[in-house]
Amino acid sequence: MSQNRKRQDRRSREAFEEARRHIPGGVNSPVRAFRSVGLVPVFAERGAGSRIFDIDGQAYIDYICSWGPLIAGHAHPAVVEAIRTTAERGTSFGLPTLLETEMAKLVCERVPSVEVVRMVNSGTEATMSAIRLARGYTGRSLLVKFEGSYHGHADSLLIKAGSGVATLGLPDSPGVPEGVARNTVTAPYNDLAAVEEIFARYGEDIAAVIVEPVAGNMGVVPPLPGFLEGLREVTRKYGSLLIFDEVMTGFRVHLHSAQGLYGVTPDLTTLGKVIGGGLPVGAYGGRRDIMERVAPAGPIYQAGTLSGNPLAMAAGLATLKLLGEPGAYDLLEQRSARLAEGFAANAKEFGVPMTINRVGSMVCPFFTEGPVVNYATAKTSDPDLFNRYFAAMLDEGICVAPSQFEGMFVSLVHSEEDIERTIEAQREALKRL
């Protein structure tokens with residue numbers, strides 16, 4: 001049954017006011033401010049399993065899961081123990097450790113495209129480094145990306161969607177020089193014809209195409225049949241590299257990541273989130289002949305003081321070992337499928353326009369009739385409806401991302417009872433709309 005509660009936020013409100021005096025906007029990453037949904041952010045105090053507890057003393061079933069990394073849930077005993085025992089030996093050395101090699105070996109074993117991998121500290125670092133490597137390897141300058149896809153906040157990736165099929169980019173943020181933006185070309189996601197037109201015009205100058213194999217920053221948008229295969233074919237034809245940004249999907253949607261799920265192998269892959277088990281991490285890897293152009297093996301420079309940090313490696317290894325246990329992905333699939341099924345039934349019952357996209361343990365209800373196949377169709381969602389829904393879900397004790405354009409993440413520790421409770425909470429939330 002529904003808790004029919006009203007969220008209390010007095011202490012969170014006070015904490016947010018204090019934070020805004022010392023941190024830009026009161027947060028260290030913009031979406032945490034809850035600005036788009038018009039609410040005071042939830043200030044987390046602790047997490048345990050599938051739940052978070054805020055500083056106002058309220059518990060929520062959590063589907064943010066730190067924006068994806070916590071596929072084993074909050075404070076999983078195996079992950080906590082790995083961090084604890086590693087920290088007791090030292091938190092950072094500036095020297096190689098065996099943990100780094102163990103992590104690299106496991107990533108190479110499980111990700112089809114990765115023969116050699118370099119650890120970094122964030123997804124942004126990973127994509128930025130992979131793009132530099134692609135440009136250095138090919139000797140070309142142009143990058144193709146897709147409208148609505150987010151690959152981190154490096155200058156060349158903060159680019160407005162062009163109005164035409166093959167429009168050169170313009171800066172999407174003050175501080176990004178137009179000269180940098182002009183090296184990025186945008187296309188609609190899932191539009192292979194647009195990509196082919198771009199290559200017909202600029203092909204000899206294109207270093208790489210970077211794509212989320214499942215777009216996770218416009219909600220959850222899977223590739224249409226033939227889209228990833230088409231990207232693989234056109235990049236090969238023109239001698240460009242194909243980069244899969246699997247920072248979000250890596251080990252989240254499949255044991256072998258999205259490239260294993262869809263059977264398409266890129267030249268380079270970027271990873272993050274899950275491979276750090278909740279600690280800051282990133283990685284990029286791919287074909288040996290490309291990766292051995294990275295310093296010190298080759299001339300393309302990239303470095304990082306805390307890259308391969310032992311705490312992140314330990315937490316990530318513990319998480320990946322949990323995911324390697326028999327039945328782990330079957331459980332994620334079952335729980336996520338049931339969640340999507342229940343949400344769809346609720347929307348139908350109350351006549352709420354809703355399209356639900358799901359790939360593995362990533363789920364996104366869009367407040368539109370759909371289908372949602374790219375950024376333009378994602379933007380047909382009703383923002384006011386989503387905002388009211390978000391507030392109602394918080395009142396019901398369910399924490400989802402404070403944005404229509406972010407998905408829900410299901411973890412190994414979301415129980416059947418959690419899923420059923422969430423479906424009932426959503427039913428109550430939709431009833432209130």
Side-chain angles (χ1 to χ4, degrees), residues 29-31 67-68 122-131 134 142-173 176 180-181 183-195 198 206-224 227-228 230-232 234-235 240-250 252-253 257-259 262 264 266-273 282 284 357 359 362 364 366 372-381 401 403-407:
S29 191
V31 74
W67 303 93
S122 69
T124 291
E125 235 186 287
T127 55
M128 176 185 72
S129 301
I131 290 164
L142 291 185
L143 174 74
V144 178
K145 72 175 288 287
F146 294 93
E147 299 167 7
S149 288
Y150 177 74
H151 303 286
H153 58 86
D155 282 359
S156 62
L157 296 168
L158 292 178
I159 305 303
K160 282 185 178 177
S163 58
V165 168
T167 304
L168 289 175
L170 293 172
D172 201 28
S173 172
V176 178
V180 172
N183 285 322
T184 302
V185 189
T186 61
Y189 188 79
N190 268 327
D191 190 339
L192 187 57
V195 177
I198 288 169
I206 294 173
V209 173
I210 186 168
V211 63
E212 294 177 280
V214 177
N217 287 284
M218 58 181 92
V220 175
V221 181
L224 292 174
F227 178 63
L228 297 179
L231 295 181
R232 178 67 285 180
V234 73
T235 50
S240 306
L241 299 187
L242 179 60
I243 304 171
F244 273 13
D245 179 352
E246 296 226 43
V247 168
M248 190 176 293
T249 56
R252 164 56 71 178
V253 298
S257 303
Q259 58 199 262
Y262 292 108
V264 177
D267 300 296
L268 292 172
T269 297
T270 63
L271 298 166
K273 296 187 185 290
Y284 65 106
N357 283 2
V359 177
M362 298 168 60
C364 186
F366 293 93
V372 176
V373 298
N374 54 29
Y375 190 43
T377 50
K379 288 195 297 183
T380 64
S381 297
S403 169
Q404 170 65 92
F405 303 111
E406 300 283 354

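At a threshold of 4.5 Å between non-hydrogen side-chain atoms, the residues Ile243 and Tyr284 do not count as touching. Val211 places a side-chain heavy atom less than 4.5 Å from the side chain of Leu242. Residues Lys145 and Thr184 meet the side-chain proximity criterion, which asks for heavy atoms closer than 4.5 Å. Taking the side chain as every heavy atom from C-beta outward, Gln404 and Cys364 approach each other to under 4.5 Å. Residues Phe244 and Val264 are in side-chain contact: their nearest non-hydrogen atoms beyond the backbone lie under 4.5 Å apart. In this structure, the side chains of Leu241 and Thr235 stay at 4.5 Å or more apart for every pair of heavy atoms. For the pair Ile198 and Leu142, the minimum side-chain heavy-atom distance is 4.5 Å or more. Between Gln259 and Pro266, the closest side-chain pair of non-hydrogen atoms falls below 4.5 Å.
With rounding to the nearest 0.5 angstrom, the OG atom of Ser122 is 6.0 Å from the NE2 atom of His153. Rounded to the nearest 0.5 Å, atoms NE2 (His151) and CD1 (Ile210) are 4.5 Å apart. Rounded to the nearest 0.5 Å, atoms CD (Glu246) and CG (Leu268) are 12.5 Å apart. Here the CG atom belonging to Leu271 is positioned 9.0 Å from the CG atom belonging to Asp245, to the nearest 0.5 angstrom.
Looking at Lys273, its side chain never comes within 3.5 Å of a backbone N or O of Gly250 through a donor-acceptor pair. In this structure, Asn374 contributes its side chain and Pro188 its backbone to no donor-acceptor pair below 3.5 Å. Between the side chain of Ser240 and the backbone N or O of Ile206 there is at least one donor-acceptor pair closer than 3.5 Å. Not a single donor-acceptor pair under 3.5 Å links the side chain of Thr380 to the backbone N or O of Ala376.
In terms of heavy atoms, Val209 sits closest to Phe146 at CG1-CE1, 3.8 Å. Contact between Tyr189 and Ser149 at its shortest, heavy atoms only, is CD1-OG, 4.3 Å. Across all their heavy atoms, Glu406 and Ala401 have their closest contact at CB-CB, 3.6 Å.
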Check: residues 215-224 side-chain donor-acceptor pairs under 3.5 Å, at least two apart:
from   : atom 1 : to     : atom 2 : distance (Å)
Asn217 : ND2    : Tyr150 : O      : 3.4
Asn217 : ND2    : Glu212 : OE2    : 2.9

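Checked against ring pair (Phe, Tyr, Trp, His ring centres under 6.0 Å), Tyr262 has no partners two or more places apart in sequence or in another chain.
With Leu143 as the fixed residue, the side-chain contact (heavy atoms from CB on, under 4.5 Å) test singles out one of Leu157, Val185, Asn183: Leu157.
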